[in-house]
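Heads up: numbering here begins at 1 and tracks the sequence. Keep in mind that what you see is a predicted model, and the values were worked out from it rather than measured.
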Amino acid sequence: MRVDRRTLLRAALGAGAVAAWPLTEGLGPRAAHAAAAALGASWDAAPFTLGVGSGDPLPTSVLLWTRLAPEPLADVQPLPDIVQVDWAVATDAAMTTVVAAGSVAASALLGHSVHVVADGLQPGRRYWYRFAALGRVSRTGRTKTAPVGAVSRVRFASLNCQNYQSGEYPGMRDLAADDALDFVVHLGDYVYEGSELGVATTLTDYRKLHALYKGDPLLRALHAAHPFYLTWDDHEVVNDYSGSRGAATFVARRSAAYQGWYEHMPLRLEGADTALPDPRIYRNRHWGDLLELVVLDLRQHRSAQNLADGTILGATQKAWLKQRISGRGAGWQCWINSIFLSQQRAPQGGFMFTDQWDGFRAERAELLHHVRTSGGPDFVTITGDWHSAFVQDIRPDFDNPGAPVIGTEFVAHSATSSAYSASWNATNGPLLGAANPHLQYFEGNRYGHDLYEVTPQRWTTRLRVVADRADPAATVSTLTSWHVDRGRPGAYEDPATKGSPAQYRR
């Protein structure tokens, strides 16, 4: 009989195997590992228990990551304050032809995490890398640099909302095995601050929380297989928070959460952006002349939510985004957008949620008008957060049915976080469509990720879903596919998948 993670957690709690948060406070190594086993977690060999990863590839460099954590769930790691970590990059998986290497100090101040820029690489090619420390060697990871010049195709995926206790990660197994994948985008809610274990509030808590998530072998394998581009949403700190507004205790908690997130992510911070605890994570990246990724930060800089005249970006990020829109190249521009961009009116009137862009309508209208007048037609945004799949026309004025379509928003299913019930979807899917004429497609009762294939002529999005989120070996299949043709804003469904299930189709 298969037992999913949620059942394991409840059984462990009922048996007293896991106490309230902090997860393993006061436990020795053997007891801590026993508690972890009750949670379904396992790790690589010490000290590289959390695996390896790479991110933010540029044409001649890539960010390499690991964290030394011999006891992943311990309050304090049994390590010196400073540990020297060697790293190497090679052109082959056996690591026989090393083209870059060095040594870096991993400090207890940053949880013995390692963020090293491997430079002097060639554009658009695969590399392999690994770390060594304390007489041990990490697993070997694989990465890829960004190409330059003319690019005929890019293939990438997006993930979001991967609540550990809600299910397994078979979609990640599928992506890790995809040798044609160039990179992965994570749209946020990488961890969830609260669970049946309690709620994380301190840096120690957040370190344990991230270490628990890295206790999933499929997540570690995906990081080792492909480079990541990342942003965050709210659950990396706490549900529905806005900026740094609140009591001093919340500001301290947010700082702890941000540092914990950085310590566990393959994220490149450059120049003045390296300042913790408030790092600048919005940035743009190019994949040759074909694609520009515009990575947004929709949490750190926003004003108090539910204000029609508030800001979701902050003044500096908004000015930067308008420059990106005006200065875009000839290729596709894709916003990496953690929360719903399109309008979402509720069937009974008003808006579904004002924590998303609907709470900042004036700023959204300003930006989308700028896209219309300055940005060109080849505009796509990929979004997470909603635990459901949407395909939507983007219009500069969603209340004006005559407003032109200027782009497409693809909202991906969650990896594991609970979706809406089948009955809710069946009843409300058509009502959502009637209240939101820009909505083309809605499906809210499955789990998975989106897979994108982009050429100079066409953008294709495949909605990939898992057969059973409780089974790490579950099959993964394409539910439906959508295309956007170059120079013609607006998506259309592939005729071959139009018979696939959906709660709403226009």
Are His413 and Glu443 close enough that a side-chain donor and a side-chain acceptor fall under 3.5 Å?
-> yes
Test of ring centre spacing under 6.0 Å for Trp261 and Tyr206 | no
Listed by chain and number, what are the side chain to side chain contact (heavy atoms under 4.5 Å, CB included) partners of Thr478, not counting sequence neighbours?
-> Arg462, Arg464, Ser481
Below 6.0 angstrom between ring centroids: does that apply to Tyr282 and Trp320?
-> yes
Exactly one candidate in Arg324, Arg283, Arg328, Arg285 meets salt bridge (Lys or Arg N to Asp or Glu O under 4.0 Å) with Glu292; the answer is Arg324
Arg364, CZ: over 12 other non-hydrogen atoms inside 6.0 angstrom | yes
Arg299 with Asp355: basic N within carboxylate O range, under 4.0 Å | yes
Please state whether the rings of Tyr190 and His186 are parallel, tilted or perpendicular, taking 30° and 60° as the class boundaries.
-> tilted
Chi angles and distances behind the salt bridge (charged side-chain N to carboxylate O under 4.0 Å, His left out) call for Asp278, Arg254 | CA-CA 9 Å; Asp278 303 311; Arg254 191 189 85 151; 2.7 Å; yes
Check: Ser166/Tyr192 side-chain N/O donor and acceptor closer than 3.5 Å | no
I would like to know whether Phe228 and His223 meet ring pair (Phe, Tyr, Trp, His ring centres under 6.0 Å); could you show each step before the answer?
-> CA-CA 7 Å; Phe228 271 58; His223 273 291; 4.0 Å; yes
Angle class for the Trp386/Phe442 ring planes (parallel below 30°, perpendicular above 60°, tilted otherwise)?
-> perpendicular
Count the heavy atoms of every other residue, nucleotide or ligand shown that sit under 6.0 Å from NE2 of His370, and state whether that count exceeds 12.
-> yes
Taking the side chain from Trp332 and the backbone from Arg458, do they hold a donor-acceptor pair closer than 3.5 Å?
-> no
Side-chain donor-acceptor contact under 3.5 Å, Asp450 with Ser158 | no
Under 3.5 Å side-chain donor-acceptor pair for Asn436 and Gln344 | no
Centroid-centroid distance, His483 to Tyr492, less than 6.0 Å = yes
Is a donor on one side and an acceptor on the other found under 3.5 Å between the side chain of Tyr262 and the backbone of Leu267?
-> no
Looking at the rings of Tyr229 and Phe156, which for Trp means the six-membered one, are their centres under 6.0 Å apart?
-> no
